[in-house]
Enquirer: 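One structure, pasted below without further comment.
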Amino acid sequence: MRSLDHLFETSSRSLARRTSRRSLIATLGQLLTGAALLPLLPVDRAWAGDAKPRVDDPNSCEYWRYCAIDGFLCSCCGGTSTSCPPGTSPSPITWIGTCHNPGDGRDYIVSYNDCCGKTSCGNCKCNRNEREKPTYRPSRNNDLNWCMANSDANYHCSVSVILGVAEKK
Amino acid sequence: MRSLDHLFETSSRSLARRTSRRSLIATLGQLLTGAALLPLLPVDRAWAGDAKPRVDDPNSCEYWRYCAIDGFLCSCCGGTSTSCPPGTSPSPITWIGTCHNPGDGRDYIVSYNDCCGKTSCGNCKCNRNEREKPTYRPSRNNDLNWCMANSDANYHCSVSVILGVAEKK
Amino acid sequence: MRSAPLLCVAMLGVALSVRALAASVASPLPAEHLSVERLPAKTPHWIYVFDNAFSNEIDSRVHLFDGDTYRRLGQIDAGFNGSVTESPDGATTVIATTYFSRGSRGARTDVVEFTDNATLATTHEIVLPPKRAMTVPNIFNVAYSADGHFVYVAYITPAASFGVLDPAHGTVLGEIDTAGCALVIPSGPNRVSSLCESGRLLTVTLDAAGHEASRALSEPFFDADADPVFVQGIPTAAGFAFLSFLGEVHEVDFTGAQPAFAPAWSLVAPAEKGKWRPGAMQVGAIHRGLKRLYVPMHVGGEGTHKDGGTEIWVFDLVTHRRLARWPMHIDGASPVLAVQVSQDAAPLLFAATDSSDVAVLDALTGHVKHIEKHLGQTPWLMLNP
Amino acid sequence: MRSAPLLCVAMLGVALSVRALAASVASPLPAEHLSVERLPAKTPHWIYVFDNAFSNEIDSRVHLFDGDTYRRLGQIDAGFNGSVTESPDGATTVIATTYFSRGSRGARTDVVEFTDNATLATTHEIVLPPKRAMTVPNIFNVAYSADGHFVYVAYITPAASFGVLDPAHGTVLGEIDTAGCALVIPSGPNRVSSLCESGRLLTVTLDAAGHEASRALSEPFFDADADPVFVQGIPTAAGFAFLSFLGEVHEVDFTGAQPAFAPAWSLVAPAEKGKWRPGAMQVGAIHRGLKRLYVPMHVGGEGTHKDGGTEIWVFDLVTHRRLARWPMHIDGASPVLAVQVSQDAAPLLFAATDSSDVAVLDALTGHVKHIEKHLGQTPWLMLNP
C-alpha cells in the first residue's frame with residue numbers, strides 16, 4: 001500500500017505541475033457550469049476563440065445581465081443568476097437595469113433582487129453600474145440595500161432576473 | 001499660485017521617487033514611536049546595526065514582551081503595549097506569559113489583558129505562543145476571549161503588562 | 001525634505017540618553033499598571049475613516065487615523081451598513097445604523113448613537129423607526145443642523161422621508177415626507193434640502209419643535225437622465241458643490257432661505273469630455289480656505305461613475321482652472337474611491353483606494369507622504385471635523 | 001487525467017446543441033422567475049468550513065463547500081466567536097455563539113442555533129446562560145451525544161463547566177461543574193469527558209434527565225508541562241486521537257464506560273524530534289476506513305504549536321509508519337492551519353491555509369486538485385458529517 005501510494009503520489013503530483021491540470025480543471029468546471037445554464041441563452045458565437053467568453057459566464061462579473069450589479073453574485077454563493085442561495089430570502093423590491101445581450105443583440109430589462117437574511121457572502125464582488133442612477137432615482141440605484149423591507153434585512157448577495165425586452169427608445 | 005504649485009509638485013514628487021522618502025519617514029516614525037516609550041527599557045544595544053531591532057518595537061509582533069500574544073496589538077489600535085485604546089475596557093482576568101527580555105537578560109512574567117467592548121481592531125495581528133498552553137490550563141491560554149467576563153465581552157486587542165521578574169527554575 | 005535632519009537629531013538625542021540610562025540601571029523593570037489610553041490633543045490632520053466592511057457588513061466601523069504620525073488613534077463601531085457624521089463643534093461622532101438581535105437575523109433595531117470624540121466612548125442613543133436609509137456612506141445620510149440642535153436622518157423604505165431628532169434630549173421629534181426627493185442636506189439652524197429625481201432641490205424649513213413649517217422646490221439644476229449629479233456633495237464655504245457624472249460642477253449656496261445656484265462649470269476640457277470623468281464613493285474634497293477642489297478622475301464611459309480615480313485633479317474654485325494632475329499609480333496606489341482634505345494651512349489630502357489603503361498626500365504638492373495599508377476592508381468615506 | 005477527455009466530449013455536445021438552438025430561435029429570452037435554490041443531493045465531498053472572521057469577529061460564519069465542483073453551496077451565520085458541530089445523522093448544523101444587542105456592545109445573549117442542512121434555514125434556538133466558552137473553534141466546544149438526544153456546550157467563565165441541552169425540546173437541562181477540566185468530549189448516549197490540567201480525562205455519566213449520575217477521573221495520559229496535547233481531538237473509529245505538541249499520538253478508546261488509552265506512538269523519528277512537529281488550529285484528520293492520519297507538520301521550536309504545517313504527513317494508524325510527506329508550498333499553498341478528510345473510498349483531503357485558502361487534495365496521492373482562494377478570512381475548522 002505504502003509503495004503504491006508513493007508511486008502514484010510522485011507521478012500525479014509531478015504531472016500536475018508540468019501540465020497545470022489544476023487550471024485546466026478549473027476552466028472546464030467553469031465552462032460546464034456555464035453550459036448547464038446555456039439552453040436559456042441563444043448565443044450565436046462559438047465557445048473557443050471568443051474574445052469575451054465571460055459575458056456568458058454566470059459566475060463572472062462580466063456576464064451580460066450583470067451590467068448594473070454592485071455586490072456579490074449569488075451564483076458564487078450557493079444560488080444561481082436567478083435564484084437565491086439556500087436559506088436566504090429574495091427581496092420583494094428591486095432595482096432595475098437595462099442590459100445588452102450580445103447573444104441576440106437585444107436589450108433586456110432585468111430586475112436585480114437582493115437575497116437577504118444572511119451576512120455578506122463575500123464572494124465574487126462585482127461593481128458594474130451601466131445606466132445606474134443615484135439614490136434620488138431609487139428604482140435605478142444599486143447603492144441601496146434592497147433587503148431593506150425584508151423581515152431579515154441583512155444583505156447577502158444579488159441576482160439578475162430577466163423581466164423582458166427593453167423597448168426601443 | 002498655479003505655476004508655483006506645479007514647480008513644487010514636480011520637484012518634490014520626483015525627489016520622493018528617487019530617494020524613497022516615504023520609507024525613510026515610515027522608519028523614522030517607527031523609531032520615534034519606540035523612542036518615546038524607551039525610558040522604560042534599559043536596553044544595552046545601539047539602534048543602528050542591530051540584527052533584531054524589532055524586539056524593542058511595541059508595534060511589532062517581535063517585541064520581546066509579546067511572546068505569547070495571539071491577537072491584535074493594542075499599540076496599533078490607539079493604545080500602547082500597556083494601555084487599552086480609548087473607549088475600550090481592559091479585561092480584569094488575563095492569561096500570563098513568561099518572556100525573555102534580551103535588553104537585560106531577565107525573564108519577566110507578563111499579563112496579557114484583552115481590551116474589550118469594540119469589534120476586532122484588525123491591525124497588527126500577531127500569533128506568538130511561547131510557553132502557551134491549551135485551554136485546560138486557562139491561565140496560560142491565549143485562545144480564550146479574555147473579555148469573557150466583561151459586561152461588553154467583545155474582543156478588540158491585547159496588551160502586555162509586566163508583573164515582575166520570573167523566578168529562576 | 002527639510003524636517004528629516006531635525007528628526008534625526010532628535011532621535012539621536014533620545015538614543016544616546018537611553019544608552020546612558022541602560023548602562024546605569026541594574027535593577028529589573030518595575031511592575032506596570034494597565035490603563036486606558038487618553039487621546040492626545042486633536043490636530044487638523046486627524047481623520048475619521050469609515051470602513052463599510054463590505055464582506056462582513058454587520059461589522060462596519062470608523063477608524064480615527066492621524067495623518068501626521070500614521071497611527072490609528074481609535075475605533076468607533078458602526079453596525080450594519082452604518083452612516084456617520086460629526087457634530088458642528090467636532091465633539092461628537094454620530095453613527096446611524098441597524099442591529100439585528102441575531103447578528104444578521106432577528107429583531108431589527110435602527111438607532112442613532114452618539115460617541116464622545118474625546119474618549120471614543122458611546123454615551124447615548126436614540127432608537128429610530130425601522131426606516132433608516134440603508135445605503136453606502138454619504139454625508140447626507142445623517143447630518144446635524146448648523147447649530148447642533150437637530151440631527152436629521154434620511155429614511156428610505158423605499159419611500160423617502162427623513163427623521164428629525166433632538167440630540168440633547170434623546171428624542172425623535174418627527175418624520176417629514178419628501179416624496180420624489182431623498183437624503184438630508186442641512187443648512188442653517190432649521191433647513192433640510194433633498195435631491196430630487198426631477199433635478200431640483202426640495203427644501204423644508206422646520207419650526208422650533210422640529211416640525212415642518214414650510215417647503216419649497218427649486219428650479220431644476222441638473223438632468224437626472226442626461227447627466228445626473230453624484231449625491232456625494234462636497235462642503236464649500238457657502239454650501240455644497242455637486243459634481244455630475246460627466247464632470248460638471250454645480251456649486252449651491254445654502255446660506256439663504258432657498259438654495260442659489262452658481263453657473264455650472266466643467267472639470268474637463270471639451271476634448272476630454274466623455275473620456276475623463278469623476279468617479280468614486282466620496283467624489284471630491286474642497287479646501288475652503290485655499291478654494292481648491294480635489295477630484296478622483298479616470299478614463300471611462302457610461303456606467304463607470306463608481307470606478308476609482310487613477311489621478312487626482314486639482315482645481316481652483318475661483319478661476320475654475322486645473323492646477324495639477326496627480327497620477328496615483330506611480331506611487332503604488334490603486335484607484336482612489338474617496339478623498340478628503342484637511343482645512344489647515346499645511347493641508348493633507350487623504351485618498352482611500354479600492355485596495356483598502358489610505359494614501360496621505362501633501363495637499364499643496366501632491367507628494368505622497370505615506371500609504372497606510374488596509375485601513376479596514378472598504379474605506380469609503382472620510383470626515384475631518 | 002482520465003476524466004478530462006470525457007468532460008471535453010460532454011462539453012462539445014452541449015456547445016453544439018446550443019449553437020443549433022441559437023440558430024433556430026428568433027424570439028427573445030422569456031421572462032424569468034426568481035426562486036430560492038435547493039441544495040443538490042449531498043455527497044461525501046461536501047465540507048462545512050468555519051470562518052472565524054478574526055478581523056470582523058462578530059461576523060463568523062460557516063461556508064458549505066463542494067470539493068468536487070469547487071463551488072460554495074451556502075452559508076450559515078455564526079455570530080461572535082462561534083463554535084460549530086454537526087448532528088450524528090448529518091441533518092443539522094449547530095452553532096453555539098454570542099450576540100450583543102448593539103453589535104459589539106450591549107446586552108449579551110449566548111445561544112445554540114439549529115440549522116436544517118437540507119435548507120440552510122435556522123429553525124430554532126436555545127438560549128444559554130452567559131457562560132459559553134468563547135474560544136477558537138474546536139469540535140469539543142459544542143457536541144452531540146451519539147444518539148442525538150443531548151447537546152453539550154462547554155462553559156468557561158473562566159471556571160469550567162458544561163451545559164446539557166435537550167435539542168428536541170429546546171431546553172437547557174442543567175449545568176455540570178468540571179473544575180480543573182475543560183471542554184466536552186462526547187461518547188455514547190450519555191457520557192461527557194473533559195481534558196484536565198493534570199493530564200487526565202474527567203468522565204461524567206448522565207442520567208436520562210441529563211443530570212450527573214457519576215463521574216470518574218482517568219490516570220494521567222499526558223504531561224501538561226512537558227508535552228501537552230492539543231485540545232483538537234481527531235475522531236477515530238473507537239473514539240478520538242490526541243496529538244501532543246512534540247508529536248506523540250494518544251489514541252483513546254471511548255467505547256467503554258471509561259476511556260482506555262492505547263500506548264502512545266510518535267509522528268517523528270528520534271532524529272526529527274524537537275525539530276519537526278505538528279501545528280495548526282485543526283491539527284489532524286483521520287480516514288477511519290483506510291486508517292490513515294493526516295497531520296500538518298512544520299520545523300519549529302517551543303511555542304510554534306499554532307504555526308501552520310509546511311507539509312502534510314500521512315501515517316498508517318495500524319503500523320504507525322509514515323506513508324507520505326506532501327510539501328504544500330510547491331503547489332502554491334501557504335502553511336496549513338486546518339485539515340479534514342472525506343470518509344469515502346475516493347477521499348479528498350481539505351487543507352485550509354493561513355492565507356485563507358482551502359486546498360483540495362486527492363487524499364490517496366496528495367495531488368492538489370484545486371486551491372479555493374479566500375474561503376472567508378480565517379478558515380480554522382472543517383467538518384464533514
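Letters go in sequence order (proteins before strands), and every chain restarts at 1. All of these numbers come straight from a predicted model, not from anything done at the bench.
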Enquirer: Side chain, backbone, both or neither: which part of A/Val161 has an atom under 4.5 Å from a heavy atom of chain D?
Expert: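 Both parts, backbone and side chain.
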Enquirer: Is D/Thr119 close to chain A through its backbone or its side chain, or both, or neither, when contacts mean heavy atoms under 4.5 Å?
Expert: backbone
Enquirer: Between D/Phe114 and D/His124, how do the two ring planes meet: parallel, tilted or perpendicular, split at 30° and 60°?
Expert: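 Parallel.
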Enquirer: Got a sec, which residues hit side chain to side chain contact (heavy atoms under 4.5 Å, CB included) with A/Asp152, two or more places apart in sequence or on another chain?
Expert: C/Arg105
Enquirer: So which residue, A/Gly78, A/Pro90, A/Pro86, A/Gly87, ends up with the most heavy-atom pairs under 4.5 Å with chain D?
Expert: A/Pro86
Enquirer: Is the SG of A/Cys61 found under 2.5 Å away from the SG of A/Cys124?
Expert: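 No, no disulfide: SG-SG not under 2.5 Å.
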Enquirer: Taking atom CG of A/Asn141 and atom OH of A/Tyr136, what is their separation to the nearest 0.5 Å?
Expert: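 If we round to the nearest 0.5 Å, A/Asn141:CG and A/Tyr136:OH are 9.5 Å apart.
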Enquirer: Quick one: of D/Ser35, D/Ala121, D/Gly74, who has the most non-hydrogen atom pairs under 4.5 Å with chain A?
Expert: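 Of the options given, most contacts go to D/Ser35.
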Enquirer: Could D/Arg61 and D/Asp77 be called an ion pair, given the rule that one side-chain N must be under 4.0 Å from one carboxylate O?
Expert: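 No, D/Arg61 and D/Asp77 are not salt-bridged.
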Enquirer: Examine whether an atom of D/His63 lies under 4.5 Å from a heavy atom of chain A, and if so say whether it belongs to the side chain, the backbone or both; otherwise answer neither.
Expert: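 Just its side chain gets close to chain A.
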Enquirer: Is the A/Cys157 SG less than 2.5 Å from the A/Cys84 SG?
Expert: no
Enquirer: Would you mind checking which part of D/Leu34 comes under 4.5 Å of any heavy atom in chain A, side chain (CB onward), backbone (N, CA, C, O), both or neither?
Expert: both
Enquirer: Among A/Cys77, A/Cys74, A/Cys115, A/Gly79, which residue forms the greatest number of heavy-atom pairs with chain D at distances under 4.5 Å?
Expert: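 With the most close heavy-atom pairs to chain D, the winner is A/Cys77.
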Enquirer: Among A/Ser111, A/Pro85, A/Ser89, A/Cys121, which has the most heavy-atom pairs under 4.5 Å with chain D?
Expert: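 Highest number of heavy-atom pairs under 4.5 Å: A/Cys121.
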Enquirer: Could you tell me which portion of A/Thr94 (side chain, backbone, both or neither) has an atom closer than 4.5 angstrom to a non-hydrogen atom of chain D?
Expert: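 For A/Thr94, no heavy atom lies under 4.5 Å from chain D.
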Enquirer: Run the side chain to side chain donor-acceptor pair (under 3.5 Å) test against D/Glu86 and tell me which residues pass, sequence neighbours left out.
Expert: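 Checked D/Glu86 against side chain to side chain donor-acceptor pair (under 3.5 Å); matches are D/Thr93, D/Asn117.
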